[in-house]
There are 2 protein chains.
Amino acid sequence: MAVNEDQTKIGFRPLYAQVKDRLISRLVDGSWPPGMHLPSEQELARQLSVSQGTVRKALDAMTAESLLVRRQGRGTFVAEPEDARILFQFFRLAADRPSGENVFPDSSVLNWCGAGANDVEAQALHLESGNPVWRIERIRMLGGQPVLVESISLPANIFEGFDTLESIPNNVYQLYSARWGITIAKADEHLKAITATRNDTMHLHCPAGEPLLQIARIARNLQGNPVELRISRCLTRSMHYAVSLP
Amino acid sequence: MAVNEDQTKIGFRPLYAQVKDRLISRLVDGSWPPGMHLPSEQELARQLSVSQGTVRKALDAMTAESLLVRRQGRGTFVAEPEDARILFQFFRLAADRPSGENVFPDSSVLNWCGAGANDVEAQALHLESGNPVWRIERIRMLGGQPVLVESISLPANIFEGFDTLESIPNNVYQLYSARWGITIAKADEHLKAITATRNDTMHLHCPAGEPLLQIARIARNLQGNPVELRISRCLTRSMHYAVSLP
DNA sequence: GAGTGGTCTAGACCACAAA
DNA sequence: TTGTGGTCTAGACCACTCC
C-alpha cells in the first residue's frame, strides 16, 4: 500500500487511518467475527504492506474504541458484546450507597410488537414516518425492585425476523451481534428530568408526580448509522447516572 | 534517564509514563503556566535523555487529557481554561431545538459566604465536617430565561482570600487558574431527577413540583484531588444533558 | 523456547506556520 | 527558509502466555 494511494492532496488520510478503515471493514462484513484471534501485527503488516508501527497505531485506535481487545503474550481479538464490557461501556446507572458499582439489572418484557415508526422514531433511526419498526417494552429490576421502564425501537428492515424470536435476553446487544451480526459501536444519550406518567407509576410502584430521569439513547453500528432507539425512564431515589469528564 | 531507573520489577512504570509524570509536575508547580509554549519534542528529548518518540507518546497522552494543545508547525502549548475549551469539556447541557450546540449561560450571583462544611461537602471535598468552605449560589440564564440554579462549594484552605474578590466571573475555572494556579483537570458528575423546591421554583420561575435534573459535580485538580463541589438543578423542558458513549 | 504485544530508539520525509 | 509537529519506517529488546 503506497502512501496516499489514489488520494489527492485535499483528501489526505494518514496511512494508519486507511489501515484502520480496512480492518473495520472486515468487522463490518463479518469476516472477523467477535472473539476471533487476529493475525499478529507482523503478519498484518506484511499483508497490508505497511510497517508494524503503522498497524500498531491502527490497532491501538480500535482498541481505544473498544472494537478490539489486546492481550500481551496472547494476541489481538475482536471485542465481544459480553455483559462485563457492555455494562462498562453503555450502562451508567449505579447505586448511590456503597460507593456503588453498577450492576446489570434483570429485565422482564411487558410486551413487544411491530408498528409504524412515529415521528421520534423516524427521526432518530433515519426512517420515514410509518416505516415498520419493532417495539419492546420492559421493566428492569435491581435487587427485586423495579428501577426503570425501557422502550426499545428497532428498524424492522434491519432486524428481520425479530418476531420469530422465542425470547428476548437481558443483554440485547449480544443478541443483535449473534443473530444479525450487528455490532453496537457507540451511542449518544440525551437526559432530561420528567414526571412519571400513570404507566410509569404503575410499573415502578412510585407515587404520582415522581420525578424520573429520562434517558433517550440512539445506538449506532460500526458505520455510525443509528440502529436502535431506547428510551429509559428511571427512578433515581437511590441510584444515579454517573459521568466522567472528560 | 535510564529505563526504570530505581524501579523494582513490580513497580515497573513505562518510560513515557515517567516522562508524563515529570511534565505534569511542571504544570503543578507552576513553572509551565497556561498558554506557555513548551520546548520542542527534540529539545525535551535531549533534556530528559530519552528519544523523541518517547516524549511524543507522553505529549500525546497529555493532549488527549486536554492538558496540552498541539499545533502543527507552531508547537505545543499548555492548555488554557478559556471559554471554548471549558464549554466543550465540562458543560454538557444543550438546547433541544436546532440540533442544538451548547452555549455558555450567563450567570448572576445570588449570594456568597463562608460556612462550615456540611456532611455532603465534607465527604466530596475530603474535609472534616465543619471545616471552613466558601459557598456561592448563582442562577444561570440562557437567552434571558433562567435555566439552572447552581451551588458551588470550595475548601477555604485552598482558595485563600476568596472573600476579597470584587466579583465572580462567569467562567470560574479561569478564575481558579489565574488567581490560585489551580487547574481543573477532570470532574465526575452524578445525575438524578428531583423535584423543585420552593427556592428553585422562585428562581427558575417554574411551577411547584417541576422535575429538575440535578447534577452533582466533583471537580479535581491535576493531582486528582477534589477542589470544587458544584450542585446544579436544571430545567430540562427545552434543554437536555448530552452524553456520548464511549 | 516460540510467539505475542509493549516499549524504546533512530532516522527519514511530509505538512504546516511564521519570519 | 527555518522550525515545528505529524507520519512512517526498521529494528532492538522486554514482559507475558502457552507449549
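Residue numbers start from 1 in every chain, and the chains themselves are labelled A, B, ... in the order their sequence lines are given, proteins ahead of strands. Predicted model only: the values in this text are computed from it and were never measured.
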Residue set satisfying side chain to side chain contact (heavy atoms under 4.5 Å, CB included) with B:Ala242, at least two apart, ordered chain then number -> A:His190, B:His240

For a quick test of reading the model: is some side-chain N or O of B:Thr54 closer than 4.0 Å to OP1 or OP2 of C:dT7? no

Sequence neighbours excluded, which residues qualify as salt bridge (charged side-chain N to carboxylate O under 4.0 Å, His left out) partners of B:Arg92? none

Residue set satisfying side chain to side chain donor-acceptor pair (under 3.5 Å) with A:Arg74, at least two apart, ordered chain then number -> none

In whole angstrom, what separates A:Asp60's CG from C:dC8's P? 14 Å

A:Tyr16 vs D:dC8: side-chain N/O to OP1/OP2 distance below 4.0 Å: no

Let me test you: for the helix from C:dG1-D:dC18 to C:dA18-D:dT1, what is the angle between the axes at its two ends (five pairs each), rounded to 10 degrees? 10°

Set of residues satisfying ring-ring contact (aromatic ring centres under 6.0 Å, His included) with respect to B:Phe159, sequence neighbours excluded: B:Tyr176, B:Trp180

Name all residues meeting the side chain to side chain contact (heavy atoms under 4.5 Å, CB included) criterion together with B:Ser108; count only those two or more places apart in sequence or in a different chain, and write none if there are none. B:Ile139, B:Met141

By side chain to side chain donor-acceptor pair (under 3.5 Å) - contacts of A:Glu80 (at least two apart): none

Looking only at D:dA10, D:dT7, C:dC8, the nucleotide nearest the A:Lys57 side chain is D:dT7

A:Glu189: salt bridge (charged side-chain N to carboxylate O under 4.0 Å, His left out) partners, not counting sequence neighbours: A:Arg217

What's the CZ-C1' distance between B:Arg13 and C:dC8, to the nearest Å? 16 Å

Is the CZ atom of B:Phe104 crowded by more than 12 outside heavy atoms at less than 6.0 Å? yes

N/O to N/O distances under 3.5 Å, protein versus nucleotides 2-5 of chain D:
residue, atom, partner, partner atom, Å
D:dG3, N2, B:Gly73, O, 2.9
D:dT4, O2, B:Gly73, N, 3.2
D:dG5, OP1, B:Thr76, OG1, 3.2
D:dG5, OP2, B:Glu41, N, 3.1

Whole angstrom is fine here: how far is it from CZ in A:Arg46 over to P in D:dG11? 13 Å

Rounded to whole Å, CZ of B:Phe77 lies from C1' of C:dA18 at a distance of 11 Å

Let me know the distance between NZ of A:Lys20 and C1' of D:dT7, rounded to the nearest Å. 16 Å

